[in-house]
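Starting from 1, each residue takes its place in the sequence as its number.
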Amino acid sequence: MRVLVTGGAGFIGGHVVRGLVQGGHEVVVLDSFRGDVHRGVPEAQEGLIVGDVREERTFDGIDTVVHLAAKVGLGVDLSDIDDYVSSNSLGTAVLLKSLGQIRNLVYASSMVVYGEGRYDCDEHGQVAPGPRRVEDLEAGRFEPPCPYCGAFLRPGLVHEDARLDPRNAYAASKLNGEHLAATWARETGGRVTALRFHNVYGPGMPRNTPYAGVAAIFRSALERGEAPRVFEDGRQRRDFVHVRDVAAAVVLSAAALPQQPTFTAYNVGSGTVTTIGEVATELSKAYAGPPPLVTGEYRLGDVRHITASSDRLKSDLGWKPTYDLPTGLAELVHEADAHHPPAPAQPPEAVPVSRW
């Protein structure tokens, strides 16, 4: 199989490229090397296209596309909203328009499309909390109440058929990409698998950028000798999944596309619920650094709890996570000690890619 990987020179992309090549597939990488992610643009090389997904082009000889290219993270403030829509929504639309006779697409989505996770009220059963209120957050009331009686809610695991309720610009753009891809598949007879990644961490994580994931931000602080700053009370529930497990899910999904329905969504998580504060504490211990500073700060675009079940992916494709969080975090420390470079600036030299 000949696979085009957009964003293939990024954090997740580099691991996906390795996994595809190790599986015997030919790979072509398309990456824009945007400045808020990469430190520079590499010289021209075989199998690499330096370009933006928002630029129309022709893809000849490609069997499957893995679409990872995106502007990620919650962002700095609302001034980023047009860049999220342009990079993610428009970028996906232009890519779909350019696919021609290609009929297989793996789309990198995110657990952020759910907004808040699943909640249950003792009296009213499963409920959907409304938007978080500034007055509650300012007062340190971080847990969302039942929208009917105001009682305490029990968070649980989200399944793929749950209501989708994006709560920030990035989340809205990723869900829009799912809708665009599903439309493309229906109108062309194509097949789309949307992978809703949880909090991805591991070797090659970005450093020193506000658009990185929380684990990367904590690590950057510790490498500067600073305490990780934990927002709210640190009890936000998340699922941290290792990047190699994510790459394995992508490779399996790409291979299975010809047998899949028109549109399929899968959650991709480790299956272990962890709080933000626990991750910060474990990283501080691993780096022998200062303990986390719980600040009480908040961002309106954040959600309180979001963890999901990945049972559908396990059942349908035989995928299973292989890294637990302590092992994965210890690997990050080893990476830093060995002075490995940050996110790869180009596909690794050891990974052969095919000619475009």
Side-chain angles (χ1 to χ4, degrees), residues 6-7 10-13 31-32 34-38 52-54 66-96 106-117 129 131-132 137 158 160 162-182 192 194-201 205-218 220 231-232 236-241 243 246 250 265-269 276 297-308 343:
T6 74
F11 165 42
I12 297 175
D31 204 294
S32 66
R34 55 185 301 155
D36 56 359
V37 178
H38 297 274
D52 198 299
V53 291
R54 291 168 289 189
V66 174
H67 182 32
L68 302 174
K71 181 181 178 70
V72 300
L74 178 57
V76 179
D77 54 43
L78 201 59
S79 65
D80 291 323
I81 191 170
D82 55 342
D83 196 11
Y84 279 108
V85 173
S86 177
S87 300
N88 300 349
S89 299
L90 178 62
T92 298
V94 174
L95 175 68
L96 293 169
V106 177
Y107 173 72
S109 188
S110 170
M111 54 85 183
V112 297
V113 299
Y114 297 112
E116 289 285 354
R132 305 178 86 185
L137 298 172
V158 176
E160 287 86 353
R163 185 175 73 109
L164 304 178
D165 183 22
R167 301 217 172 173
N168 57 60
Y170 170 61
S173 70
K174 295 309 289 184
L175 180 55
N176 184 229
E178 285 196 22
H179 289 162
L180 291 170
V192 175
L195 298 177
R196 294 170 180 165
F197 300 151
H198 277 255
N199 295 70
V200 186
Y201 74 100
M205 280 196 313
R207 282 179 166 86
N208 301 316
T209 167
Y211 298 98
V214 66
I217 292 172
F218 289 163
S220 294
F231 281 16
E232 301 182 20
Q236 308 94 305
R237 291 159 56 101
R238 297 291 189 271
D239 183 325
F240 289 83
V241 59
V243 66
V246 167
V250 172
Y266 291 119
N267 296 328
V268 185
I276 297 292
E297 297 172 89
Y298 64 86
R299 299 185 297 184
L300 271 178
D302 278 333
V303 297
R304 179 61 176 175
H305 304 299
I306 175 63
T307 56

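- Counting heavy atoms from C-beta on, the side chains of Phe240 and Val214 come closer than 4.5 Å.
- Contact detail for Val106 and Leu195: the closest heavy-atom pair is CG1-CD1, 3.8 Å.
- The distance from atom CZ of Arg238 to atom CD1 of Ile306, rounded to the nearest 0.5 Å, is 8.0 Å.
- Looking only at atom types and distance, the side chain of Ser86 has no donor-acceptor partner in the side chain of Asp82 under 3.5 Å away.
- Taking both residues in full, the closest heavy atoms of Thr307 and Asp239 are given as CG2-N, 4.0 Å, listed atom of the first, atom of the second, then distance.
- Taking NZ of Lys71 as the reference point, atom CG of Asp83 lies at 4.0 Å (rounded to 0.5 Å).
- Atoms CD and CG, on Glu232 and Asp302 in that order, are 6.5 Å from each other to the nearest 0.5 Å.
- Residues Leu137 and Leu300 meet the side-chain proximity criterion, which asks for heavy atoms closer than 4.5 Å.
- Asn267 has its side chain within reach of Glu160: a pair of non-hydrogen atoms, C-beta onward, lies under 4.5 Å apart.
- When every heavy atom of His67 is checked against every heavy atom of Val53, the shortest pair comes out as CE1-CG1, 4.3 Å.
- Residues Arg304 and Glu116 are in side-chain contact: their nearest non-hydrogen atoms beyond the backbone lie under 4.5 Å apart.
- A 4.5 Å side-chain heavy-atom check between Val192 and Glu178 finds every atom pair outside the cut-off.
- Within the 3.5 Å criterion, the main-chain N or O of Gly73 finds a donor-acceptor partner in the side chain of Tyr84.
- Summarising the geometry of Tyr107 relative to Ser173, their closest heavy-atom pair is OH-O, 4.0 Å, with the distance given to 0.1 Å.
- Across every non-hydrogen atom of Pro131 and Arg167, the tightest pair is CA-NH1, 3.7 Å.
- Taking all atoms of both residues into account, the shortest heavy-atom contact from Ala194 to Ser109 is CB-CB, 4.4 Å.
- Contact annotation: the side chain of Val72 never approaches that of Phe11 to less than 4.5 Å [non-hydrogen atoms, C-beta and beyond].
- Here CE of Met205 is found 11.0 Å from CZ of Phe218. Values are rounded to the nearest 0.5 Å.
- Using a 4.5 Å heavy-atom threshold, the side chains of Asn88 and Lys174 count as touching.
- Here the side chains of Arg196 and Tyr114 are in contact, with some heavy-atom distance below 4.5 Å.
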